[in-house]
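The structure appears below as structure tokens.
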2 protein chains.
Amino acid sequence: MNVRITDKFWLPRIEQTVRQGIAYQWKALNDEIIGAEPSHAVENFRIAAGESDGKFHGMVFQDSDVAKWIEAASFGLREFPDAGLESAIDSVIALIGRAQQPDGYLNTYYTVAAPDGRWTDFAFGHELYCAGHLIEAAVAYYEATGKASLLDIMSKYADHIDRAMGPNSERTNLYCGHEEIELALVKLYRVTNEERFLALSRHFVEERGKQPSFLREDPGFGNGHKDRWFDLDYHQAHAPVREQEKAEGHAVRAVYLYSAMADLALLTDDATLTKALQKLWRHVTTKRMYITGGIGSQGHAERFTVDYDLPNDTAYTETCASIGLMMWAFRMLRLEQDSRYADVMERVLYNGAISGISLDGTRYFYVNPLEVHPDVAKYRYDMQHVKTERVPWFGCACCPPNIARLLASLQDYVFNQTESEIAMHLYAANEAKFLVKGRTATLRTETDYPWNGLIHVRIGLEQATEHTLSFRIPSWCREPRISVNGEDVRLDQVAERGYARLSRMWADGDVVILHWPMTVERMEADPRVHENAGRVALQFGPMIYCLEEADNGGHLTDIRLNPDANLTAEFRADVLGGAVVISGDAERADLTEWQDELYVPVRRKTVRTRVQAVPYAFWNNRAPGEMLVWIRES
Amino acid sequence: MNVRITDKFWLPRIEQTVRQGIAYQWKALNDEIIGAEPSHAVENFRIAAGESDGKFHGMVFQDSDVAKWIEAASFGLREFPDAGLESAIDSVIALIGRAQQPDGYLNTYYTVAAPDGRWTDFAFGHELYCAGHLIEAAVAYYEATGKASLLDIMSKYADHIDRAMGPNSERTNLYCGHEEIELALVKLYRVTNEERFLALSRHFVEERGKQPSFLREDPGFGNGHKDRWFDLDYHQAHAPVREQEKAEGHAVRAVYLYSAMADLALLTDDATLTKALQKLWRHVTTKRMYITGGIGSQGHAERFTVDYDLPNDTAYTETCASIGLMMWAFRMLRLEQDSRYADVMERVLYNGAISGISLDGTRYFYVNPLEVHPDVAKYRYDMQHVKTERVPWFGCACCPPNIARLLASLQDYVFNQTESEIAMHLYAANEAKFLVKGRTATLRTETDYPWNGLIHVRIGLEQATEHTLSFRIPSWCREPRISVNGEDVRLDQVAERGYARLSRMWADGDVVILHWPMTVERMEADPRVHENAGRVALQFGPMIYCLEEADNGGHLTDIRLNPDANLTAEFRADVLGGAVVISGDAERADLTEWQDELYVPVRRKTVRTRVQAVPYAFWNNRAPGEMLVWIRES
């Protein structure tokens with residue numbers, strides 16, 4: 001399968017990310033961005049390699065920023081070959097190789113700053129986490145270029161890990177506090193076919209959560225994190241993975257674990273893992289997910305809290321957690337082709353994930369709240385994690401390279417292919433080639449998605465072939481229609497778990513037209529989400545909308561949508577680089593009525609007003625100001 | 001002036017506080033309450049006196065708990081003589097005397113735990129704060145019993161302070177980070193007539209906020225409090241007091257300062273101080289006060305934040321801050337007889353102050369939020385200051401004795417008397433004696449307030465006297481009426497700044513009937529308070545109401561009052577020891593509609609329901625559960 005994104009919405013973003021963003025991030029990793037927090041990540045490798053003096057600087061997991069950058073850059077090279085970039089990657093890989101210790105160990109923090117501390121702090125040391133990201137980078141670079149340089153380095157490190165704590169080692173009860181190595185080892189297995197890497201991944205997953213947990217005895221456990229939000233559940237280590245009833249703890253850790261579990265369920269055909277994942281999926285998506293697809297509502301410990309606790313203004317909803325939820329969703333689709341996974345994947349992608357990067361690709365949000373009052377958020381102690389404007393870089397810079405690798409690999413999320421079926425999950429215009437029954441098949445998809453739900457798919461085949469083409473029917477669509485070569489398809493006859501499964505003898509030149517009409521939807525939340533009571537969120541197609549001060553003035557919570565008002569959607573080329581905006585009638589208080597009284601008997605004096613909503617993902621790309629997703633209505 | 005409360009609402013509370021509560025607190029201060037956090041406050045004095053071994057335990061201001069207890073107990077003795085209690089006070093006063101150092105210094109923390117640290121940490125050391133509370137205790141005990149034992153001890157200490165940092169000392173730029181000594185020295189001056197105590201109070205107020213501030217150089221400044229919420233404004237030290245435009249910082253500190261400023265403005269006839277106070281009053285009450293009268297919206301640093309930032313579920317609104325606001329309001333009334341002060345005093349008293357103590361007088365709230373979802377509040381990191389149920393005592397136990405001294409001295413807040421006028425601010429049934437033109441006048445007030453706005457005042461006079469009797473016209477009352485001896489008074493002719501001023505030749509047996517009809521009011525907040533948009537608070541007379549889970553089930557934010565629904569108020573002897581409850585029609589979501597979807601297109605499927613609201617001050621006296629003041633309406 002080879003997919004080239006040609007989409008008007010995505011291609012400029014991807015191209016910007018690959019051509020400018022990745023170069024920008026390379027500068028950031030080399031501390032060359034004026035005004036940004038210094039990274040020192042590359043310099044750490046130089047110091048570890050003995051090629052520079054100085055001290056380790058940054059987070060204990062600073063290596064992973066370099067790893068994610070290599071991975072993102074490698075993804076980019078697949079569609080945008082760039083000799084200069086490839087050369088930069090080669091040189092940093094060589095540097096990484098020189099920083100590797102003779103026994104295979106590779107981690108700049110422990111090599112430079114705490115050489116005696118190796119493998120002592122599994123809760124917060126992030127050694128296996130960094131190894132995982134470097135493995136993912138190695139696989140991506142190998143797949144993009146065929147060069148095995150980093151793959152060799154990381155295979156050697158993986159073997160070191162296997163000897164130190166693998167199933168045949170002397171310390172078999174260990175695993176990393178921050179999951180990542182598990183899914184990375186699966187990838188390493190996939191490209192190397194070395195069963196020991198798959199076994200090591202499975203070993204880490206199976207050990208996780210056994211009680212009593214070695215983490216409690218780990219000298220790093222609770223190191224500076226003595227409160228209960230950093231207890232075993234923070235690490236998803238409170239119970240064996242199959243016995244975990246609810247998604248708990250650090251949101252990124254959780255979805256990285258679940259992603260690895262899904263990989264293992266598939267590769268080892270383990271139905272008990274699948275069942276555990278289905279339970280966790282249902283829990284997250286029906287109790288603990290924002291409408292933007294964001295997860296992890298609390299800033300302290302970056303974690304899940306309790307069911308239905310989804311505050312809008314203190315939301316954490318880390319960009320990386322959104323990306324991790326997409327990763328998990330995509331892996332669930334391989335286990336079970338059900339649109340509930342792809343619907344969430346789309347929800348996250350168009351909302352809580354890309355909200356993390358500015359339209360011009362140079363500024364980022366780590367935290368993605370659904371309601372921001374800048375004066376309050378800048379002052380309040382409990383909102384210090386909220387940034388009221390995107391920033392150029394972070395001291396803890398996990399999100400920028402994570403979003404870069406997502407965008408640079410977006411083509412990998414569009415389809416799944418099995419022996420008998422090609423399934424399309426996401427509707428981005430693209431040109432895709434598949435091998436079907438030994439012959440090349442092409443799908444050429446054209447669409448103005450997400451601004452319009454009309455999608456043309458033209459099939460190219462060397463010869464007519466019987467096969468199944470499946471298309472996700474978006475759950476937001478009220479009147480989905482499909483035609484093949486101009487003939488309407490009866491969806492009730494072909495729809496299966498949210499997919500229109502078209503099984504037929506396909507011929508060259510066949511055209512499938514998907515019509516998912518987009519309408520403005522007022523969405524309401526489960527009444528147990530108490531912040532959203534009486535409020536609605538506007539949705540158009542896959543996109544969630546918000547009010548911004550730039551369009552509507554301040555005091556946005558004061559605005560009340562008229563429940564009967566016509567809400568119209570219109571594409572506006574002049575707004576935010578081109579976007580559908582939603583307009584409608586509303587009312588708001590007449591502030592001139594309010595002078596020197598804070599509380600008065602209700603006067604219900606309002607004035608009529610027009611409101612304009614823009615895609616949530618695009619907020620804060622104009623003037624700074626308030627933003628609100630959940631709008632009062634009733 | 002001598003006032004005896006005879007009120008059905010207040011007298012049982014006062015009697016409970018004096019007869020049981022003060023005894024209970026005495027046990028708490030002596031660590032005799034099982035299950036309560038130990039106080040050690042009395043033991044600290046024993047150690048300081050050399051009569052016990054052991055280490056100082058508790059907050060650096062632990063002495064003030066003993067002081068406030070003595071003050072409360074002394075207030076209680078005035079109406080409820082109790083030889084045992086008086087003897088206990090005498091013995092603790094003797095102990096305090098033995099803990100006093102030969103040079104007059106008196107503070108158990110510094111004497112026992114940090115003898116070299118005296119007068120080095122003005123920001124957080126609380127030495128002058130503790131001195132202030134002990135002075136207030138000394139004055140109260142003297143006024144209750146005529147015994148000067150503690151007054152002598154504290155005069156000696158005040159002289160020590162005057163020598164160390166008074167206007168004629170070598171260190172004239174000092175003042176306490178936590179205001180309290182200022183208002184205490186005014187009281188000391190009032191009973192001793194020693195001008196130097198008044199001068200010392202004025203000196204502390206005048207030095208406050210001069211720049212550059214000595215506090216920045218104070219080694220204790222920022223000690224463990226290095227963040228910006230503990231900057232100079234936390235101590236109201238960011239500008240000279242007359243230049244402070246807004247109420248900033250720690251809420252209790254602020255209102256204690258303003259109380260002292262009001263005392264000084266009156267005693268020194270300083271119009272510039274009065275003007276500054278009027279500005280601050282307007283700021284607090286129109287921008288930063290909850291409808292319950294609570295102030296200080298942020299838990300971190302227990303402080304004011306920014307204008308209109310009045311979150312309900314993370315509100316701090318410390319009980320002591322409410323009491324401090326009453327203290328300030330009462331002092332403003334002496335400067336300026338305007339009902340805006342007394343209206344707020346009443347608002348605080350009946351709501352945000354007495355919410356701090358349970359109906360049975362044995363459990364307390366330190367923090368008084370306006371919305372509580374126990375499952376969320378118990379879990380969330382940013383709600384750890386919120387207790388979902390009252391507790392028997394606190395490690396930082398400032399509030400319990402503070403509320404005891406308020407209740408035990410409530411009679412002092414009812415009236416003001418000047419040469420020509422007696423003004424009634426609060427409507428509690430009472431028997432009051434005044435000296436008017438050299439003769440005794442009595443007022444006998446009967447009422448079922450706050451459940452009914454009918455108030456009978458019978459005048460007793462030795463002989464007919466021309467005088468002014470003034471009665472506050474509550475701002476919540478839509479149709480106030482007054483009659484004198486059965487004849488209606490035209491309020492438009494006698495109302496002046498919110499008071500009905502009745503000037504006439506009063507005769508023995510005259511009867512004034514005040515009729516302030518109470519109706520259920522739906523109150524709305526300024527639209528800039530964004531949490532309250534579309535919501536109303538119910539008020540009946542002076543009391544703010546809330547919904548409790550005990551009456552209405554859970555998920556209270558889901559309840560929407562019908563805007564046109566009739567809300568009825570009814571006195572129910574069987575509810576909460578007797579209270580007016582409010583009932584009305586409302587709607588709420590049909591939760592059976594909500595199964596496995598977190599977000600759906602609006603269905604607007606609701607079911608009709610009845611709601612019952614109870615006084616906010618009485619919440620959490622039945623089963624634990626949710627509570628909500630601001631109810632959705634539109």
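The shown structure was predicted, so the numbers you read here are calculated from the model rather than taken from an experiment. Numbered from 1 within each chain, the chains take letters A, B, ... in sequence-line order.
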Query raised in the report: Quick one: are A:Leu591 and B:Arg528 in side-chain contact, heavy atoms under 4.5 Å?
Result: yes

**Report entry** Salt-bridge contact A:Glu633-B:Arg604 (side-chain N to carboxylate O under 4.0 Å)
**Finding:** yes

Query - Nearest-0.5 Å distance that lies between atom CH2 in A:Trp229 and atom CD in B:Gln384 - result: 3.5 Å

Query - Close side-chain approach of B:Val602 to A:Met523, heavy-atom, < 4.5 Å - result: no

Query raised in the report: Pick from B:Ile559, B:Leu310, B:Ile291, B:Leu556: which one has the most heavy-atom pairs with chain A under 4.5 Å?
Result: B:Ile291

**Report entry** Heavy-atom pairs under 4.5 Å with chain B, option from A:Val529, A:Asp375, A:Asp526 with the top count
**Finding:** A:Asp526

Query raised in the report: Quick one: OH on A:Tyr599 to OG1 on B:Thr286, what's the gap to the nearest 0.5 Å?
Result: 10.5 Å

Requested in this report: Tell me, out of B:Asp558, B:Asp382, B:Asn532, B:Asp309, who's got the most heavy-atom pairs with chain A below 4.5 Å.
Outcome: B:Asp309

Query raised in the report: Do A:Val376 and B:Val306 come within less than 4.5 Å of each other through their side chains, counting heavy atoms only?
Result: yes

Report summary line: For A:Pro601 and B:Glu521, the nearest pair of non-hydrogen atoms, with its separation, is CB-OE1, 3.7 Å

Query raised in the report: So which part of B:Glu593 gets closer than 4.5 Å to some heavy atom of chain A, the side chain, the backbone, both or neither?
Result: neither

Query - Partner chain B: residue of A:Gly534, A:Ser297, A:Ala589 with the largest heavy-atom pair count (under 4.5 Å) - result: A:Gly534

Query raised in the report: Which residue out of B:Ala301, B:Gly299, B:Pro311 racks up the most heavy-atom pairs below 4.5 Å with chain A?
Result: B:Pro311

Query raised in the report: More than 12 non-hydrogen atoms from neighbouring residues, nucleotides or ligands closer than 6.0 Å to CZ on A:Arg497, yes or no?
Result: yes

Query raised in the report: Taking every heavy-atom pair that is under 4.5 Å apart, which of B:Met289, B:Lys287, B:Glu531 has the most such pairs with chain A?
Result: B:Met289

Requested in this report: Start with the C-alpha distance between A:Arg228 and B:Tyr379, add both sets of side-chain angles, then the distance that settles side chain to side chain contact (heavy atoms under 4.5 Å, CB included), and finish with yes or no.
Outcome: CA-CA 10 Å; A:Arg228 64 192 170 102; B:Tyr379 189 81; 3.8 Å; yes

**Report entry** Side-chain donor/acceptor of B:Glu524 to backbone N/O of A:Arg603, under 3.5 Å
**Finding:** yes

Report task. Compute the ring centroids of A:His530 and B:His555, then answer whether they are less than 6.0 Å apart. Result -> no

Requested in this report: Please tell me if the side chains of A:Thr285 and B:Leu598 come closer than 4.5 Å, counting only heavy atoms from C-beta onward.
Outcome: no

Requested in this report: Check whether any side-chain heavy atom of A:Tyr381 lies under 4.5 Å from a side-chain heavy atom of B:Arg303, and answer yes or no.
Outcome: no

Report summary line: Of the listed B:Arg380, B:Arg560, B:Glu597, the one with the largest count of heavy-atom pairs under 4.5 Å with chain A is B:Arg380

